[in-house]
Amino acid sequence: MRIDILNPKATKLLKDLADLNLIAIQKTSNNGFASVLKKIRSKSSSIPNIDEINNEVEMVRAKRYAKSEK
């Protein structure tokens with residue numbers, strides 16, 4: 001569940017509820033898909049263009065379909 005807080009007073013209310021052990025507040029993880037993608041891209045020296053991506057996809061599909069036809 002994600003809640004966007006529009007009024008700063010709501011933050012205080014939530015903290016008060018947590019202090020009373022009525023709710024638990026957890027920080028969201030920064031290890032989401034976007035951060036993993038950024039990490040992978042930072043290791044690459046160049047970004048592949050659409051033709052290179054399509055060629056790679058076609059090679060993988062060809063291998064997959066060749067295995068399933070046997």
Side-chain angles (χ1 to χ4, degrees):
M1 181 182 301
R2 179 184 152 178
I3 299 171
D4 293 326
I5 299 174
L6 303 177
N7 188 325
K9 292 179 183 178
T11 303
K12 183 179 180 331
L13 289 172
L14 289 172
K15 288 180 181 178
D16 291 343
L17 290 173
D19 291 341
L20 294 171
N21 292 324
L22 296 174
I23 64 170
I25 300 174
Q26 298 176 350
K27 299 288 183 185
T28 57
S29 173
N30 291 336
N31 294 332
F33 177 73
S35 64
V36 171
L37 187 59
K38 185 177 180 179
K39 183 178 176 182
I40 291 171
R41 286 181 175 168
S42 70
K43 293 181 181 180
S44 177
S45 60
S46 65
I47 299 173
N49 63 31
I50 192 70
D51 292 330
E52 292 170 332
I53 294 170
N54 283 333
N55 289 338
E56 185 70 25
V57 169
E58 291 302 321
M59 285 191 309
V60 170
R61 286 180 181 165
K63 287 180 186 177
R64 181 181 301 156
Y65 294 133
K67 288 181 183 178
S68 66
E69 290 179 0
K70 290 182 180 179

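Position 1 is the first residue of the sequence; numbering continues from there.
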Open item on the list: Walk me through whether Ile5 and Leu14 qualify under side-chain contact (heavy atoms from CB on, under 4.5 Å).
Closed with: CA-CA 10 Å; Ile5 299 174; Leu14 289 172; 3.6 Å; yes

Open item on the list: Could you work out, with salt bridge (charged side-chain N to carboxylate O under 4.0 Å, His left out) as the rule, every residue matching Lys12, not counting sequence neighbours?
Closed with: Asp16

Task: Residues forming a salt bridge (charged side-chain N to carboxylate O under 4.0 Å, His left out) with Arg64, sequence neighbours excluded - done: none

Open item on the list: Quick check on the hydrophobic clustering: are Ile25 and Leu20 connected, directly or via other members, by side-chain heavy-atom contacts under 4.5 Å?
Closed with: yes

TODO: Would you check if the side chain of Glu56 reaches a backbone N or O of Ile53 as a donor-acceptor pair within less than 3.5 Å?
DONE: no

- [ ] Measure the CZ-CG distance between Arg61 and Asn54 for me, rounded to the nearest 0.5 Å.
- [x] 8.5 Å

